[in-house]
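One structure is given below, encoded as structure tokens.
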There are 2 protein chains.
Amino acid sequence: MAKNEKVTIYDISKKLNISAATVSRALNNNPKISEKTRELVMKTAQELNYKQNRLALALKSGKTNSIGVIVPYINRNFFSAVIDGIEKQLTPHGYNVIICQSHEDAINEANHINALLNTQVDGIFMSVSKTTHDTVHIEKILENNTPLIFFDRKKDIPGVSSVTIDDFRGGYMATEHLIQQGAQRIAHFCGDLNLEIYKNRNNGFLRALEDHNIPINKNLIIHTNSRIEAGAEAVAKLWAKKNRPDAIFSSSDYAALGAIQELRKLKVKIPEEVGVVGFSNEPFTKYMELPMSSIDQTPVTMGEIAAQVFLEQINNKQHVLSVEKRVVLAPELVIRKSSNKTKSLKGTPPVSTE
Amino acid sequence: MAKNEKVTIYDISKKLNISAATVSRALNNNPKISEKTRELVMKTAQELNYKQNRLALALKSGKTNSIGVIVPYINRNFFSAVIDGIEKQLTPHGYNVIICQSHEDAINEANHINALLNTQVDGIFMSVSKTTHDTVHIEKILENNTPLIFFDRKKDIPGVSSVTIDDFRGGYMATEHLIQQGAQRIAHFCGDLNLEIYKNRNNGFLRALEDHNIPINKNLIIHTNSRIEAGAEAVAKLWAKKNRPDAIFSSSDYAALGAIQELRKLKVKIPEEVGVVGFSNEPFTKYMELPMSSIDQTPVTMGEIAAQVFLEQINNKQHVLSVEKRVVLAPELVIRKSSNKTKSLKGTPPVSTE
DNA sequence: TTGTATGCGTTATCAT
DNA sequence: ATGATAACGCATACAA
């Protein structure tokens, strides 16, 4: 028996000598169908191994029941956790999640957007790449009237909702914590200022210094990317000079990891001589030989809320021209050994110690 | 100007007073179309911001130009690297990659398979979950006549192609290396034997001992999962007894990491007292304070080859009932400090030292 | 070279 | 309660 051919509602209708319309109705639990017919149809559908063709449905209804997510990399815990959050919320609603990686390249981003729009996805979630300056390719999503939700890394586009964390606050908390630990010369590893998130973390850092009357020293602000090597190099440079820092706040956990590795090579005592705080609370920070303090971005929550914003948005589409909702989540400081000189400390929420 | 409505080839045809068929042909570079018409169509398509509806195309052609990939977790470097390999090969061919996570749950796996089949993907790549025993949900893919390619973790199903690495060889290499470093009492952290990969690594381990006349000691074979905690617990138990091992070969990098952490807590010297080799060559192994030896599975290559096998398969579909191709890749031993007692060692390919 | 008609699998509208 | 038919957007066989 060749199972080659796809079985359609017509096959069922022929077998039962009823119309395809009736089959369709029965399959969709239309109340105007007799119980007998419905059961018969259901049974035959099973027997014939009928599978609804979502393509046809999508073409007819204009809804594909799938959404696209574009992230820089899927193997960053932060991003995969956000995706988990989105999936968790949307799967029960019958949505399919299409995941795309931009690899931090605006061109890939544009291609993916095109492909997703051609696929007629019902919505797009994205965290923009570092190389995305121009937003014309992003605006195509809006021209296409497809809901767009930014998460974490956003661009300021009117009418576009976003879910982010308060990066300013995160930067502030990390810095203030280091100050409270006695630090006076805090170095900051600052990410690409093209991205709001890094700018905000940087501003939080600066404000914390100000508020505590610590002079700002430009030499201690190092522009690094999010790679381990970048952190190691930064430390190497800083320690080659006089007037070394007594703490490091890195906008990236990976750069912070590199920094710690280099510091240990240099036999610098952590946290006694130098306290270190990273950002993102990647899982490895917890499992390091010298566990690292970091700022948790509650990525799963971020994904869940992004999904909720999306659902609201498509339900409100009656007469509304554009809805825009900007959700900002609170970051959480997780204090671990790399910045904790005191054995016991009283953490004030939302600060947690491990 | 309301940009609400999707523009179709009909809109273009009306505007130009030509038939939709001509527009379609022009858009597809059909050679039987006059240059003038083609240019005109292309221009108006641009002006109107026309986007091909892949849904309609898919419904018509029976090809969606998208493929599905099902992996346990996307944030395992191994899996995301395989996905990178698949994408790299398939994107130039116009394919869209839909990524799904099973979270090691056979039920999720089945749901994803269903969704992908309903979406009419042109092929499915998968690495089965640990909880997948029964394969009926997988066989539905074949009943549906959709090409299926296993990578890394496969089930033995006739007619299904697979790309794996020689796990037996990997286990053998790791073990032999430890023996050459002088180990005589090698513990093995063995994964879930429900999966072929772990069974094979285990067999490789056993054979290496045999070949070097080392008696097999069942007490040194510990069944762990792939979590850090599992490795730490295993070490704690082993070191609580007499006759401790002098080396560990772990089927998982994560378990090996936990082992190393625990060993350092116990002040056991690595690699002097105990050599450790993991499996998968996750990026963190390289960046550990005490870099860890591991077996590299060449995941990007694996993904690329899987994609090639898929492309071959759909091109050969003329009269062939079923094609099956089993590609086995060679693993590579990467020697790092955790197992390297000798300062200088002469690595014989495909062994690399870092 | 271009136009006409048809079908891909569904659902919705209108009949019956 | 059920049937006939049109429509979603596209590509193609057949005509012209």
Side-chain angles (χ1 to χ4, degrees), chain A residues 4-42 44-45 48-66 94 117-122 144-146, chain B residues 4-42 44-45 48-66 94 117-122 144-146:
Chain A
N4 245 328
E5 314 307 331
K6 314 258 177 201
V7 14
T8 75
I9 51 173
Y10 277 92
D11 298 316
I12 300 178
S13 75
K14 271 175 210 154
K15 180 147 186 179
L16 296 179
N17 274 321
I18 56 179
S19 76
T22 305
V23 174
S24 170
R25 282 189 274 250
L27 253 19
N28 289 298
N29 287 317
N30 185 313
K32 311 212 140 201
I33 284 292
S34 78
E35 200 49 44
K36 208 174 60 186
T37 319
R38 186 196 325 284
E39 278 173 18
L40 210 55
V41 169
M42 291 298 194
T44 351
L48 265 45
N49 192 26
Y50 167 79
K51 287 232 159 59
Q52 186 193 48
N53 186 332
R54 293 183 77 198
L55 251 39
L57 176 56
L59 180 59
K60 181 89 175 85
S61 67
K63 277 199 67 196
T64 50
N65 267 294
S66 60
L117 291 181
N118 288 350
T119 309
Q120 315 274 105
V121 290
D122 295 343
N144 201 72
N145 243 266
T146 300
Chain B
N4 247 327
E5 314 305 331
K6 314 258 178 202
V7 15
T8 75
I9 51 173
Y10 281 92
D11 299 316
I12 301 178
S13 76
K14 271 174 210 154
K15 179 147 186 179
L16 295 179
N17 276 320
I18 55 178
S19 76
T22 305
V23 175
S24 169
R25 283 188 273 249
L27 253 19
N28 289 298
N29 288 317
N30 184 314
K32 311 211 139 202
I33 284 292
S34 78
E35 199 50 42
K36 210 174 58 185
T37 318
R38 186 194 329 282
E39 278 173 18
L40 211 54
V41 169
M42 291 298 194
T44 2
L48 265 45
N49 192 27
Y50 166 78
K51 288 230 157 58
Q52 185 192 50
N53 185 333
R54 295 183 76 196
L55 251 39
L57 175 57
L59 180 60
K60 181 86 176 84
S61 68
K63 278 198 65 196
T64 51
N65 267 293
S66 59
L117 291 181
N118 287 349
T119 308
Q120 316 272 103
V121 291
D122 295 343
N144 201 72
N145 241 266
T146 300

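We name chains A, B, ... by the order of the sequence lines, and we start the count at 1 in each one.
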To the closest 0.5 Å, what do you measure between CG (L40(B)) and CD1 (I18(B))?
7.0 Å
Leading and trailing nucleotides of DNA chain C with any atom under 4.0 Å from heavy atoms of chain A
dG9(C) to dT13(C)
Using the side-chain hydrogen bond (donor to acceptor under 3.5 Å, both in side chains) rule, collect all pairs that involve residues 48-62 of chain A, keeping only residues at least two apart or in two chains.
R54(A)-T119(B)
What side-chain donor-acceptor pairs closer than 3.5 Å can you find for residues 9-16 of chain B, not counting sequence neighbours?
unit_1 : atom_1 : unit_2 : atom_2 : d
D11(B) : OD2    : T8(B)  : N      : 2.7
S13(B) : OG     : Y10(B) : O      : 2.8

Quick one: pull up CG in L55(A) and CG in L59(A) and give me the separation to the nearest 0.5 Å.
8.0 Å
So, with a heavy-atom separation below 4.0 Å from DNA chain C, the residues of residues 51-61 of chain A are K51(A), Q52(A), N53(A), A56(A), L57(A), K60(A)
One would report the end-axis bend of the helix from dT1(C)-dA16(D) to dT16(C)-dA1(D), five pairs per end and rounded to 10 degrees, as 50°
Are T22(B) and V41(B) side-chain neighbours, meaning at least one heavy-atom pair lies under 4.5 Å?
no
Can you list, by residue number, the residues of residues 21-36 of chain B that have a non-hydrogen atom closer than 4.0 angstrom to DNA chain C?
A21(B), T22(B), R25(B), K32(B), I33(B), S34(B)
What residues form a side chain to side chain donor-acceptor pair (under 3.5 Å) with T64(A), not counting sequence neighbours?
S66(A), D122(A)
Derivation of the side-chain contact (heavy atoms from CB on, under 4.5 Å) call for K63(A) and L57(A)
CA-CA 8 Å; K63(A) 277 199 67 196; L57(A) 176 56; over 6 Å; no
For chain B, the stretch of DNA chain D it reaches, first to last nucleotide, under 4.0 Å of its heavy atoms:
dG9(D) to dA13(D)
5' precedence on DNA chain C between N17(B) and T8(A) (nearest-nucleotide basis)
N17(B)
Show your working on side-chain contact (heavy atoms from CB on, under 4.5 Å) between N144(A) and K6(B) and close with a plain yes or no.
CA-CA 7 Å; N144(A) 201 72; K6(B) 314 258 178 202; 3.4 Å; yes
side-chain hydrogen bond (donor to acceptor under 3.5 Å, both in side chains) pairs touching residues 29-38 of chain B, sequence neighbours excluded, are S34(B)-T37(B)
Salt bridge (charged side-chain N to carboxylate O under 4.0 Å, His left out) filter on R25(A), not counting sequence neighbours, yields none
